[in-house]
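Notes to accompany the following structure.
The shown structure was predicted, so the numbers you read here are calculated from the model rather than taken from an experiment.
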Amino acid sequence: MSALQEIVVVVPGRLHEHAVQRIGATFKLVRLDKADAALAAPEVLREARAIAAMTTIDAAFIDAFPNLEIIANFGVGYDAVDVRHAGESGVMVTNTPDVLTEEVADTAVGLLLNTVREFSKAEKWLRDGNWVAKGGYRLTPGTLRGRKVGIFGLGRIGLAIARRLEAFGLPIAYHNRRPADGVAYAYYPSLVALAEAVDTLISVAPGGAATEKAVNAEVLKALGPDGVFINIGRGSTVDEAALAAALADRTIFAAGLDVFADEPRVPQALLDADNACLLPHVGSASVHTRRAMADLCVDNLVSWFSEGRALTPVGETAHVAPSATA
Ligand code: NAP
Ligand code: 8YV
């Protein structure tokens with residue numbers, strides 16, 4: 001038996017099957033129905049040195065494992081993990097950047113096109129027999145032509161979206177907390193100023209307290225009656241009640257949403273909006289990309305316990321060093 005096989009890795013809740021199989025083949029896998037320490041046997045709480053998860057990991061769960069060294073988050077967004085507490089407790093947190101960037105950018109552009117050109121509705125028109133019975137689908141009032149794009153959160157995925165939309169002939173501007181190095185796109189120091197300057201706002205900012213409901217009524221009003229809002233980042237960055245109201249009274253033209261504040265529950269007011277295109281958080285959801293994410297999630301554990309380093313540590317825990325290797 002290899003030394004790694006002695007190491008207890010806890011997987012609370014659902015996780016990609018390839019990640020679960022690799023953890024089971026490499027480490028001592030313990031599954032829990034959810035991230036609730038009351039579900040773990042005392043020896044598991046005592047012995048576990050790692051958690052791999054795509055669910056909420058709060059401070060109480062972290063504290064329940066006295067020998068915990070690393071939390072491998074499945075996903076680049078890690079707002080569901082209390083990273084500050086992990087960092088203060090000497091626990092490394094890793095995520096899955098880069099391997100999903102192009103896929104999510106593809107999805108964002110598809111969602112934007114579908115929102116303005118109504119492809120889902122046009123296909124339904126065909127399938128319902130209306131093309132034969134009534135003629136062609138309506139000319140869409142929306143178009144990508146002539147639009148000005150603003151990106152809220154111009155990081156890895158934001159840049160990949162910007163590159164694509166540049167190729168579509170659209171001007172790009174952005175808002176981050178600070179200007180991005182080596183980027184020539186117009187920078188706006190506030191989200192409202194960005195929304196005023198563009199008519200197409202794409203949010204790909206991380207979730208968390210700093211961005212909570214950042215896309216609010218003021219931002220949507222600034223975006224204006226031709227405004228299209230696309231969210232491929234996190235639902236928590238949007239005031240969903242304000243968005244539903246802005247869609248209903250045509251303060252903005254349309255929205256395309258892949259993410260929601262309380263997934264999988266989608267507010268009825270958004271379901272009722274005929275000018276909203278809604279997707280069930282499928283940004284990275286191809287077999288190809290989810291497998292790459294699963295591999296990176298597990299590779300972080302293998303590297304941590306065999307080489308003493310995390311491959312993709314999140315910034316908040318980059319200072320954490322391993323206490324011992326296998
Ligand atoms: P990233 O490279 O870290 O980019 C995030 C960008 O957001 C950075 O440029 C950052 O710039 C900016 N930012 C962070 N906090 C901000 C704030 N408070 N105000 C303004 N700007 C802020 O991350 P990524 O890999 O592009 O991923 C971005 C997010 O996409 C993830 O966190 C995740 O929530 C979401 N995501 C969704 C899906 C999906 O399936 N829909 C898939 C993958 C990722 P500054 O630090 O300069 O502010
Ligand atoms: C995944 C994501 O759907 O990486 C992220 O931040 O939102 C998506 O790629 C999610 O992490 C899986 O739960």
Side-chain angles (χ1 to χ4, degrees), residues 11-16 19 34-36 51-63 68 70-89 91-101 103-105 107-108 151-158 160-161 175-178 191 201-216 219 229-240 243 257-267 279-285 289-290 293-294 296-297 300 310 312-320:
V11 174
R14 288 184 310 109
L15 188 64
H16 190 283
K34 56 182 180 174
D36 177 354
I51 292 169
M54 49 176 264
T55 190
T56 300
I57 304 293
D58 62 16
F61 195 65
I62 292 170
D63 288 345
L68 185 64
I70 179 169
I71 300 165
N73 180 66
F74 180 88
V76 68
Y78 51 89
D79 46 304
V81 179
D82 190 335
V83 282
R84 182 188 293 191
H85 188 73
E88 287 167 358
S89 309
V91 174
M92 167 60 70
V93 178
T94 61
N95 64 343
T96 62
D98 302 317
V99 294
L100 46 52
T101 294
E103 192 81 72
V104 179
T107 309
I151 297 183
F152 173 31
L154 192 83
R156 288 168 293 238
I157 300 169
I161 295 169
H175 166 65
N176 285 356
R177 287 168 295 189
R178 60 194 75 82
L191 188 52
L201 181 65
I202 302 177
S203 178
V204 63
T211 56
E212 178 87 23
K213 296 189 178 173
V215 180
N216 55 21
V219 169
F229 173 64
I230 301 295
N231 193 3
I232 194 84
R234 279 290 180 270
S236 61
T237 65
V238 180
D239 179 339
E240 289 181 330
L243 175 60
L257 311 172
D258 184 49
V259 287
F260 302 88
D262 184 26
E263 296 173 3
R265 285 160 288 277
V266 176
L279 296 178
H281 200 147
V282 295
S284 65
T289 294
R290 285 289 171 83
M293 291 164 64
L296 182 52
C297 176
N300 266 295
T312 48
V314 305
E316 292 86 341
T317 66
H319 63 280
V320 173

Heavy-atom check, side chain of Glu240 versus side chain of Phe260, under 4.5 Å = yes
Taking every non-hydrogen atom, the tightest pair across Ala294 and His16 | CB-ND1, 3.6 Å
Quick one: does Leu191's side chain get under 4.5 Å of Val215's, heavy atoms only?
-> yes
Derivation of the side-chain contact (heavy atoms from CB on, under 4.5 Å) call for Val320 and Val91 | CA-CA 7 Å; Val320 173; Val91 174; 5.9 Å; no
Given side chains that start at C-beta, do those of Leu257 and Val266 come closer than 4.5 Å, heavy atoms only?
-> no
Under 3.5 Å, is there a donor-acceptor pair between the side chain of Thr96 and the main chain of Met293?
-> no
Which is it for Leu201 and Val219 under the side-chain contact (heavy atoms from CB on, under 4.5 Å) test, yes or no, and what are the steps along the way?
-> CA-CA 10 Å; Leu201 181 65; Val219 169; 3.8 Å; yes
For the residue pair Thr55 and Ala35, what are the closest heavy atoms and their distance?
-> CG2-CB, 4.2 Å
Going by distance alone, is a donor N or O of one side chain under 3.5 Å from an acceptor N or O of the other, for Asp63 and His85?
-> yes
Any Val204 side-chain heavy atom under 4.5 Å of Phe152 side chain = no
Write down the atom of Pro97, the atom of Val76, and the distance for their closest heavy-atom approach.
-> CA-CG2, 3.5 Å
Expected output: side-chain Asn73 to main-chain Gly77 donor-acceptor under 3.5 Å | yes
Between Ser236 and Lys213, does a side-chain contact (heavy atoms from CB on, under 4.5 Å) hold up when you go through it step by step?
-> CA-CA 6 Å; Ser236 61; Lys213 296 189 178 173; over 6 Å; no
Got a second to check how far Ile232's CD1 is from Ile202's CD1, nearest 0.5 Å?
-> 9.0 Å
Quick one: CZ on Arg234 to CG on Asp79, what's the gap to the nearest 0.5 Å?
-> 4.5 Å
Taking the side chain as C-beta and beyond, is there a heavy-atom pair between Asp82 and Ile57 under 4.5 Å?
-> no
Does the side chain of Val238 come within less than 4.5 Å of Phe229's, by heavy atoms?
-> yes
Measure the spacing between CD1 of Ile51 and CD1 of Ile62 and express it to the nearest 0.5 Å.
-> 7.0 Å
How long is the gap from CG on Leu296 to OG1 on Thr94, to the nearest 0.5 Å?
-> 7.5 Å
Side chains of Lys34 and Pro12: does their closest heavy-atom pair fall under 4.5 Å?
-> no
State the CD1-CE distance between Ile70 and Met92, to the nearest 0.5 angstrom.
-> 6.5 Å
Nearest heavy-atom pair of Glu263 and Asp258: which atoms, and what distance?
-> OE2-O, 4.3 Å
Val314: what forms a side-chain contact (heavy atoms from CB on, under 4.5 Å) with it, not counting sequence neighbours?
-> Tyr78, Val83, Val93, Asn95, Glu316, Thr317
Starting at OG1 of Thr107, measure out to CD1 of Ile157 and round the result to the nearest 0.5 Å.
-> 9.5 Å
Could you give me the CA-CA distance, side-chain angles and deciding distance for Asp36 and Phe61, then say whether side-chain contact (heavy atoms from CB on, under 4.5 Å) is met?
-> CA-CA 7 Å; Asp36 177 354; Phe61 195 65; 5.6 Å; no
Measure from the side-chain N and O atoms of Thr211 to the backbone N and O of Pro206, and report whether any donor-acceptor pair falls under 3.5 Å.
-> yes
